[in-house]
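Computed from heavy atoms alone, side chains included, the values below leave out hydrogens, waters and symmetry copies.
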Amino acid sequence: MIKGLTAAVIAAVISLPVSAVQIEFSYSKLYSQLKHNLGENHPDVKIGYFMVAPETGKVCTITKAWMVKKKNYEEFVIPDSQELPLPIDNRLRQVNPDVFIQTEGETPCDVSFQVLAKETYEKELSEQELGHLVPQMTAMMQDLGGMFSSWFMPDVEGVSVHFDQAPSSLSTSEGRVIEVVGNVAVLKLADLKEGERVLFERTPVKVTPWIPQS
């Protein structure tokens with residue numbers, strides 16, 4: 001996970017009487033990352049914003065989110081993945097509406113962004129699809145890192161598949177077993193044979209880059 005935009009984007013944290021926390025920030029604070037979703041060298045990969053518990057790194061549950069500018073009001077529909085569905089619009093950046101997010105519980109959560117696959121991959125992810133995702137995720141992370149990021153940023157070598165509820169393991173079309181730890185399965189491109197498919201009993205909530213730990 002790429003962490004960022006925490007205290008800098010939080011304009012106010014207000015405790016609410018319904019066991020929730022409300023955070024306010026401006027749309028323009030996030031646009032510099034959102035605009036990378038329009039890049040042509042990673043069409044299957046995007047930036048997604050989430051609210052994350054700073055102590056555990058777990059994704060917080062968004063109970064309500066909306067955007068306001070003068071008399072204009074728009075409420076967001078939050079998906080099961082808890083990704084904040086911000087639109088990408090340069091005109092919105094210029095208007096710069098205020099964005100409000102309420103999260104479940106009493107502990108403030110941080111705004112954080114992740115690189116993730118656009119596709120849902122409801123039933124399976126193939127070796128060929130993984131082969132398309134891995135270089136695109138590397139390209140996206142290098143775009144986020146800036147001009148010299150390729151000098152020091154390691155390449156993505158696979159993906160982490162996140163489940164809301166998951167079995168203890170996944171199976172492949174070749175009869176192999178892949179362990180699931182903490183509702184996350186790591187699929188390494190080098191481990192998959194040509195044409196091999198990883199099968200899912202449940203639809204993943206998101207697919208993010210996997211980089212080997214040095």
Side-chain angles (χ1 to χ4, degrees), residues 1-6 20-21 23 30 33-34 36-37 42-66 75-88 99 101-105 107-134 136-138 140-141 144 156-172 177-189 191-192 197-211:
M1 177 185 295
I2 303 175
K3 296 296 294 293
L5 301 175
T6 55
V21 172
I23 293 175
L30 305 182
Q33 280 70 36
L34 278 175
H36 289 292
N37 286 348
H42 35 65
D44 302 312
V45 174
K46 67 177 180 177
I47 295 295
Y49 281 95
F50 299 86
M51 303 303 295
V52 175
E55 295 183 357
T56 64
K58 293 184 178 180
V59 174
C60 301
T61 298
I62 299 174
T63 56
K64 185 177 180 180
W66 66 99
E75 186 169 339
F76 299 118
V77 177
I78 306 301
D80 291 340
S81 65
Q82 296 302 309
E83 179 183 353
L84 181 65
L86 286 171
I88 310 170
V99 180
I101 304 174
Q102 289 180 9
T103 54
E104 193 174 73
T107 303
C109 298
D110 292 342
V111 180
S112 180
F113 64 87
Q114 289 183 323
V115 175
L116 63 158
K118 291 181 179 179
E119 179 64 47
T120 305
Y121 303 106
E122 294 183 1
K123 297 182 179 180
E124 64 180 35
L125 199 158
S126 69
E127 174 268 339
Q128 184 179 20
E129 290 168 327
L130 189 55
H132 289 306
L133 282 177
V134 163
Q136 290 186 40
M137 287 179 166
T138 296
M140 174 66 90
M141 293 177 70
L144 289 166
V156 177
E157 295 187 13
V159 296
S160 296
V161 183
H162 303 252
F163 296 92
D164 182 17
Q165 297 178 359
S168 59
S169 63
L170 303 177
S171 60
T172 79
V177 174
I178 298 174
E179 187 179 10
V180 179
V181 179
N183 286 359
V184 177
V186 173
L187 311 184
K188 304 175 186 178
L189 180 58
D191 289 348
L192 296 184
R197 296 172 292 117
V198 181
L199 311 176
F200 304 141
E201 295 181 9
R202 299 177 63 91
T203 301
V205 293
K206 59 184 175 182
V207 176
T208 61
W210 178 79
I211 298 174

Item to check | CG-CG distance between Leu116 and Leu133, expressed to the nearest 0.5 angstrom | outcome: 10.0 Å
Next on the checklist: I need the minimum non-hydrogen distance between Pro54 and Cys109, along with the two atoms involved.
Outcome noted: CD-CA, 4.2 Å
Checklist entry - Can you tell me how far CG of Leu192 sits from CD of Gln128, rounded to the nearest 0.5 angstrom? => result 12.5 Å
Checklist outcome for this item: Scanning both residues in full, the closest heavy-atom pair of Phe113 with Gln33 reads CE2-CG, 3.8 Å
Checklist entry - Excluding sequence neighbours, so at least two apart, what forms ring-ring contact (aromatic ring centres under 6.0 Å, His included) with Phe50? => result none
Checklist outcome for this item: One should read off an interatomic distance between Met141 CE and Ile211 CD1, to the nearest 0.5 angstrom, of 3.5 Å
Checklist outcome for this item: Residues at least two apart in sequence or cross-chain that pass side-chain contact (heavy atoms from CB on, under 4.5 Å) with Leu199, listed by chain then number, are Glu124, Ser171, Arg197
Next on the checklist: Tell me the closest heavy-atom pair linking Gln114 and Lys206, and the distance in Å.
Outcome noted: OE1-NZ, 2.8 Å
Checklist entry - Any idea which heavy atoms bring Gln136 and Val45 closest together, and the distance? => result CB-CG2, 3.7 Å
Checklist entry - When you look at Ile23 and Met51, which way does the side chain to side chain contact (heavy atoms under 4.5 Å, CB included) test go after all the steps? => result CA-CA 10 Å; Ile23 293 175; Met51 303 303 295; 3.4 Å; yes
Checklist entry - Near Lys118 NZ, under 6.0 Å, is it more than 12 heavy atoms from other residues, nucleotides or ligands? => result yes
Checklist entry - Out of curiosity, Gln102 CD to Cys60 SG, how far, rounded to the nearest 0.5 Å? => result 13.5 Å
Item to check | Heavy-atom donor-acceptor pair, Thr63 side chain to Glu104 backbone, under 3.5 Å | outcome: no
Item to check | Listed partners of Glu119 passing side-chain contact (heavy atoms from CB on, under 4.5 Å), at least two apart | outcome: Tyr121
Item to check | Least distance between heavy atoms, His36 atom then His42 atom | outcome: O-CE1, 2.8 Å
Item to check | Under the side-chain contact (heavy atoms from CB on, under 4.5 Å) test, residues paired with Thr120 that sit two or more places apart | outcome: Glu122, Thr203
Checklist entry - When you look at Glu55 and Thr107, which way does the side chain to side chain contact (heavy atoms under 4.5 Å, CB included) test go after all the steps? => result CA-CA 10 Å; Glu55 295 183 357; Thr107 303; 5.8 Å; no
Item to check | Side-chain (Thr138) to main-chain (Val156) donor-acceptor, under 3.5 angstrom | outcome: yes
Checklist entry - Is a donor on one side and an acceptor on the other found under 3.5 Å between the side chain of Asn37 and the backbone of Ile47? => result yes
Under 3.5 Å, which donor-acceptor pairs do the side chains of residues 178-189 form with other protein atoms, sequence neighbours left out?
unit_1 : atom_1 : unit_2 : atom_2 : d
Asn183 : ND2    : Asp164 : O      : 2.8

Item to check | Euclidean distance, Leu34 CG relative to Leu86 CG, rounded to 0.5 Å | outcome: 5.5 Å
Checklist entry - With side chains defined as the heavy atoms from C-beta onward, is the minimum distance between Tyr49 and Val99 less than 4.5 Å? => result no
Could you list the donor-acceptor pairs under 3.5 angstrom formed by side chains in residues 75-82, with sequence neighbours left out?
unit_1 : atom_1 : unit_2 : atom_2 : d
Glu75  : OE1    : Tyr73  : OH     : 3.2
Ser81  : OG     : Glu83  : N      : 3.4
Gln82  : OE1    : Ile62  : N      : 2.6

